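Only a predicted model underlies this, so the values are computations on that prediction, with no experimental measurement involved.
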Amino acid sequence: MMTMNWRRLCGALVLLVAGVSAHAATPGREKLSLDRGWLFHLGDIVQPPIKGHGESYGNAKAGNAAGAAGTEFDDSDWRHLDLPHDWAVEGPFDPSANVSQGYRPRGIGWYRRYLRVDAADRGRHFELQFDAIATHATVWVNGNVVNRNWSGYNASYIDITPYLRYGDAMNTIAIRADAEAMEGWWYEGAGMYRHAWLVKRDPVHVATDGVHATPVPPSGKGGQWTIPVEVTLNNSGKQAGGVTVEVTLFDPAGKQVLRRSATARVAALGASTVQLPLAVDAPALWSLEKTNLYRVTTRVLQDGKALDEVSLHTGFRTIRFDAAQGFFLNGVHVKLQGVCIHQDHAGVGVAVPDSVWEYRLRRLKELGVNAIRFSHNAPAAEVLDLVDRMGFVVMDENRNFNPSPDYLKQLEWMVKRDRHHPGVILWSVFNEEPEQATEVGYEMVRRMSAAVKALDDTRPVTAAMNGGFLTELNVSHAVDVVGSNYQVPDYDRYHKANPDKPFTSSEDTSAYMTRGEFKTVREKNLIASYDDDAAEWGNTHRDAWQAIATRPYVAGGFVWTGFDYRGEPTPNEWPSVSSVFGIMDLNGFPKNAYYIHQVQWIKDRPLIHIAPHWNWSGSEGKEIRVMVMANVERVQLLLNGRLLGEQKVDQYRMNNFNVAYAPGKLEAIGYNGGKEVARTAVETTGAAVALELVPDRAQLAGDGRDAMPITVRALDAQGRAVPLADAQVTFAVTGGGRSIGHGNGDPNSHEDEKGATRRLFNGLAQLIVQSRYDSAEAISVTATAAGLAPARIDIPVRAVPAQPYVESAEAPLTLVRSWRIAPDSAQRPDPNQQLASFDMNTWGWGSPPMIAPAAAKYHLYRASFTPRKNLADGSGVIRFASVRGKAEVWLNGQLIGRKENYSPAAFELALPAGAGTREINVLIEAEAGQASGIEGHVSIAPRLLAK
């Protein structure tokens with residue numbers, strides 16, 4: 001029978017062949033998920049110094065990368081995982097680590113993956129796409145460096161076609177992720193934290209991000225809209241290709257609006273651009289309320305056959321920044337009610353599932369947010385798709401301020417990828433740069449702005465300046481809209497000096513709150529939630545918004561921040577490990593700031609909220625500050641049915657009452673025109689007696705990607721949530737899913753976010769569960785805590801078709817690839833003859849198949865290999881797929897086997913136990929008048945054991 005390892009390997013290869021072959025039968029473009037089946041090693045793998053002639057010579061040759069970057073590296077003991085992956089969130093907190101990175105050690109990590117490519121795919125174009133790797137990354141394919149990336153926020157598109165091997169000759173992808181490098185002063189995570197893809201296309205194809213389809217409004221009333229479609233084609237083939245490019249526009253209901261085509265010719269290894277402008281009458285407009293999205297589909301055809309097809313969504317809308325009145329969308333004035341957000345979430349770090357991003361954006365929508373600044377980097381592509389569908393406008397921000405070629409490519413990538421999104425209304429080239437007030441800054445921005453405008457001239461360029469815009473020559477002179485960070489005292493001064501320059505707050509507030517805390521305790525790094533505390537450079541939520549809302553020329557604002565984030569725990573340091581700037585905490589649980597902004601920003605329905613909770617045992621008779629937040633005309637406050645007072649609502653400052661504490665029910669009632677329109681209450685609860693689990697959604701898709709947050713809280717005997725509960729909760733997740741992390745919003749917590757337990761913080765915690773691949777089994781979640789009744793929920797999992805993907809592969813057979821070939825000989829040579837290490841020319845070089853013509857009788861081949869650990873114990877074999885001629889096989893100078901006949905045949909020998917590098921010599925004797933040699937792959941493999 002087979003050994004278990006060999007059986008698993010064979011099974012994996014069968015699946016791999018079936019999966020990739022099935023995809024290969026599909027014509028045109030295939031975008032396959034490459035998230036599954038990675039191997040990971042935490043820590044760097046440093047190779048010894050290169051010494052000697054042979055090593056030095058080999059090191060300089062293509063495909064000869066050493067160590068973990070190489071093809072034959074032994075990764076058999078590496079961890080198996082799927083992407084997205086952030087290793088920093090898995091590690092312990094370290095008080096000696098960087099405070100800005102949230103005291104999480106980052107370091108260096110390696111990823112490897114194996115890829116089998118069917119021989120039927122030979123000639124197609126293959127591209128690896130890594131949506132982001134934190135922070136600097138080097139990528140090797142089959143021992144060749146194919147890409148170096150210098151930012152943790154931009155994608156890498158890598159043509160790997162020239163390096164591929166087909167059939168059973170497995171391809172090796174190796175990635176070194178250097179997260180010691182820092183680009184920000186916040187938690188950045190580490191590793192391959194966004195999606196990875198393999199894209200297979202015809203040699204003649206549309207380049208990645210190669211369709212420019214940004215609608216342009218009519219120049220006058222009643223005119224036609226245009227989409228000046230521009231399509232960039234590439235040709236990786238061996239011959240020039242004549243093709244037809246066809247562009248079709250579909251309306252939001254999926255109905256074809258119009259189609260246009262043109263011919264093009266693309267030279268071999270060349271590119272070509274095709275212009276296909278589309279004229280559109282009276283399209284349905286995209287807006288915050290009605291997110292009408294049109295689909296632009298581009299096809300490349302040859303002789304009526306589709307070679308490639310790509311679709312993107314776009315929207316028709318007008319945007320205008322007015323120097324006196326602010327921002328207009330489709331001619332309608334819109335005050336930007338915005339937030340800045342980083343991209344990490346509780347439990348998962350920056351490896352945030354797409355569905356959790358949907359949850360985060362939904363929380364912002366419920367808050368009344370209409371604008372998002374992704375600070376300070378381009379977000380994941382999937383996030384902008386959500387933005388377009390959910391109705392937000394976006395400031396899309398570049399990470400690195402530098403117009404040099406390497407960095408300008410990052411800015412250009414962002415613009416090319418994102419320019420079709422109707423939600424994007426501003427390109428931001430930097431955040432708070434020291435050169436912003438100087439001629440140097442002006443010249444840098446002038447060049448970066450020009451690069452943006454060359455790719456997209458439909459949106460204004462801005463930069464987030466935290467000063468310096470009043471000097472004689474500065475960045476504000478090179479942008480279309482001035483972005484101001486925190487410069488409230490200079491708002492009016494700048495506008496008076498520059499009345500014709502559009503102006504917005506690009507970042508404001510920076511106020512402090514700890515969720516659920518209403519007493520500031522500095523020695524415990526806890527800050528009360530009454531909105532009294534702000535950074536010395538910032539303002540409270542109320543002050544910042546009032547300064548924006550009362551100035552028509554300020555287009556709007558972007559609160560720092562929508563959510564708490566890891567790192568930058570200002571004004572605290574250790575033991576605080578995350579910020580307290582957020583309107584919501586790391587989980588998306590609301591702080592008091594949430595309700596302050598909600599009543600300021602939502603106008604279409606009456607709202608009323610009370611803070612704080614009403615559990616103040618031991619404070620009977622003492623005054624408690626009560627804040628009522630409402631968007632109505634007047635509010636009343638009652639305690640246990642007794643009227644305490646009535647006030648006119650202050651839309652900017654909120655309403656405050658001092659109330660002598662007594663247990664019971666505290667109510668707030670809102671009135672418009674003397675009529676009650678809203679009511680809310682907080683009550684004194686009993687002790688916690690039971691846990692409750694509240695899922696965010698009713699079910700999950702069984703695609704291995706869908707995930708949802710589950711709120712964990714404690715209830716009293718009457719079923720009321722206990723706001724101060726702090727029980728230690730243990731989770732068990734079984735069935736068709738798993739836990740991928742948890743959090744509680746406590747900025748001082750050092751708990752393991754991937755472990756089995758989490759303490760409630762001020763009554764709440766959050767568990768995130770994710771479905772397994774190809775699952776239709778419900779997920780059972782159980783929560784237990786000492787002294788409390790447990791909670792259990794079953795989350796249905798819906799069977800869905802798998803996203804097209806590249807099958808996972810076990811570590812492949814070690815292939816002995818690089819051989820030295822001795823001169824042919826009529827006399828039997830010494831198989832173990834010495835060859836000087838500096839002699840690179842007497843013997844030739846080759847890889848199987850290596851077939852010598854019939855002229856000579858003896859052929860000698862030599863190679864080195866290091867067997868994987870799991871095969872070096874005597875359980876491995878040396879397997880020749882086919883040898884033509886008689887053969888002797890020598891290993892480290894010892895004869896280990898013979899093939900006694902001339903006929904082509906497979907040949908297998910036991911691999912003697914032992915560690916380290918082995919030298920193999922294969923002496924082949926040819927049959928007279930016949931060609932001979934090594935016909936197929938030579939592999940080191942598990943032994944097949946007979947029962």
Side-chain angles (χ1 to χ4, degrees), residues 153 184 186 286-289 291 293 315 317 319 321 326-327 329 334-345 350 352 354-399 414-415 417-431 459-460 462-464 481 483-485 504-510 541 544-545 548 554-565 579 581-584 586 588 590 593-594 597-598 600-602:
Y153 301 101
W186 58 88
W286 181 93
S287 69
L288 299 173
E289 299 78 24
T291 55
L293 292 172
R317 87 287 184 270
I319 59 173
F321 283 85
F327 175 67
L329 178 65
V334 175
K335 198 76 167 181
L336 299 178
Q337 299 168 174
V339 294
C340 302
I341 58 174
H342 283 316
Q343 59 180 358
D344 61 309
H345 190 86
V350 294
V352 182
D354 302 342
S355 51
V356 175
W357 266 112
E358 188 276 337
Y359 161 82
R360 287 165 64 85
L361 295 179
R362 181 160 30 93
R363 297 295 288 130
L364 294 176
K365 198 74 173 177
E366 292 162 355
L367 165 62
V369 168
N370 62 20
I372 301 172
R373 177 184 177 216
F374 290 102
S375 322
H376 304 284
N377 52 267
E382 295 81 5
V383 176
L384 287 182
D385 290 337
L386 288 167
V387 160
D388 286 344
R389 293 200 300 269
M390 297 174 73
F392 296 92
V393 293
V394 164
M395 180 189 294
D396 207 355
E397 189 155 274
N398 175 61
R399 171 74 295 269
M414 182 183 78
V415 175
R417 187 197 67 166
D418 297 347
R419 59 192 172 182
H420 66 91
H421 288 283
V424 175
I425 61 167
L426 282 166
W427 302 115
S428 175
V429 296
F430 75 55
N431 173 71
R459 299 169 176 88
T462 189
V481 176
S484 168
N485 288 11
T504 189
S505 167
S506 43
E507 184 174 320
D508 50 77
T509 311
S510 275
H541 291 273
W545 181 247
I548 293 164
V554 180
F558 293 86
V559 175
W560 190 264
T561 52
F563 300 88
D564 282 346
Y565 55 93
S579 78
F581 292 116
I583 294 172
M584 291 174 276
L586 268 173
Y594 184 95
H597 285 293
Q598 191 180 56
Q600 291 173 334
W601 290 347
I602 294 179

> Is it true that a side-chain atom of H342 and a backbone atom of S375 form a donor plus acceptor pair closer than 3.5 Å?
Replying inline: yes
> How many angstroms lie between CD1 in I548 and CD in Q337, if you round to the nearest 0.5 Å?
Replying inline: 10.5 Å
> Do M414 and D396 touch side chain to side chain, with heavy atoms closer than 4.5 Å?
Replying inline: yes
> Honestly, is K365 close enough over F392, meaning NZ or CZ under 6.0 Å from the six-membered ring centre and within 45° of the axis?
Replying inline: yes
> Under the 3.5 angstrom rule, does the side chain of K335 hit a backbone N or O of F327 as a donor-acceptor pair?
Replying inline: no
> Could you give the distance from CG (L329) to CD1 (I319), rounded to the nearest 0.5 Å?
Replying inline: 8.5 Å
> Within the distance-only criterion (no hydrogens, no angle test), does the side chain of D564 pair as donor or acceptor with the backbone N or O of G582 below 3.5 angstrom?
Replying inline: yes
> Backbone N or O of R389 within a donor-acceptor pair of the T291 side chain at under 3.5 Å?
Replying inline: yes
> Looking only at heavy atoms, which two atoms of A378 and R417 are closest? And how far apart?
Replying inline: CB-NH2, 3.9 Å
>> Go through it in stages, so that I can follow the logic: the residues are M584 and R360, the test is side-chain contact (heavy atoms from CB on, under 4.5 Å), and I'd like the CA-CA distance, side-chain angles, deciding distance and then a yes or no.
In response: CA-CA 10 Å; M584 291 174 276; R360 287 165 64 85; over 6 Å; no
>> Using side-chain heavy atoms (C-beta onward) and a distance below 4.5 Å, is L288 in contact with V393?
In response: yes
>> Which heavy atom of V481 sits nearest to which heavy atom of T462, and what is that distance?
In response: O-OG1, 2.6 Å
> How long is the gap from OG on S484 to CG on D508, to the nearest 0.5 Å?
Replying inline: 9.0 Å
>> Does anything in residues 372-384 form a salt bridge (Lys or Arg N to Asp or Glu O under 4.0 Å)? List the pairs, not counting sequence neighbours.
In response: R373-E397, R373-E507
> What are the two closest heavy atoms between P422 and L293, and how far apart are they?
Replying inline: CG-CD2, 3.8 Å
> If we only count heavy atoms from C-beta on, is the S506 to M395 side-chain gap below 4.5 Å?
Replying inline: yes
>> Measuring only between side-chain heavy atoms, which start at C-beta, is F563 closer than 4.5 Å to F581?
In response: no
>> Can you confirm whether R363 sits close enough to V369 that some side-chain heavy atom of one is under 4.5 Å from a side-chain heavy atom of the other?
In response: no
> Checking side-chain contact (heavy atoms from CB on, under 4.5 Å) for the pair D344/V352: CA distance, chi angles, key distance, verdict?
Replying inline: CA-CA 7 Å; D344 61 309; V352 182; 5.7 Å; no
> So, N431 and N485: side-chain donor and acceptor under 3.5 Å apart, yes or no?
Replying inline: yes
>> Under the rule for side chain to side chain contact (heavy atoms under 4.5 Å, CB included), what residues qualify as partners of S287, not counting sequence neighbours?
In response: E289, K290, N330
>> I want to check something: taking the side chain as every heavy atom from C-beta on, are N398 and F430 in contact at a cut-off of under 4.5 Å?
In response: no
>> If you compare all heavy atoms of V339 against all heavy atoms of F558, which two are closest, and at what distance to 0.1 Å?
In response: O-CD2, 3.7 Å
> Are any of the side-chain heavy atoms of V387 and F374 separated by less than 4.5 Å?
Replying inline: yes
>> Checking W357 against H345 for the side-chain contact (heavy atoms from CB on, under 4.5 Å) test, could you report, in this order, the C-alpha distance in whole Å, the side-chain angles of both residues, the deciding distance, and whether it holds?
In response: CA-CA 9 Å; W357 266 112; H345 190 86; over 6 Å; no
> Does a donor on one side chain sit under 3.5 Å from an acceptor on the other, for R399 and H376?
Replying inline: no
>> Quick check: closest heavy atoms across T504 and G556, and the distance to 0.1 Å?
In response: OG1-O, 3.2 Å
> When rounded to the nearest 0.5 angstrom, what is the spacing between CG in D418 and CG in D388?
Replying inline: 9.5 Å
> Can you tell me how far the CG atom of L384 sits from the NE2 atom of H421, to the nearest 0.5 Å?
Replying inline: 4.5 Å
>> Would I341 and I372 count as a side-chain contact (heavy atoms from CB on, under 4.5 Å) here? Give the steps.
In response: CA-CA 7 Å; I341 58 174; I372 301 172; 3.9 Å; yes
> With side chains defined as the heavy atoms from C-beta onward, is the minimum distance between Q343 and V350 less than 4.5 Å?
Replying inline: yes
> What closest approach, in Å, do A593 and I583 show between heavy atoms, and which atom pair accounts for it?
Replying inline: C-CG2, 3.8 Å
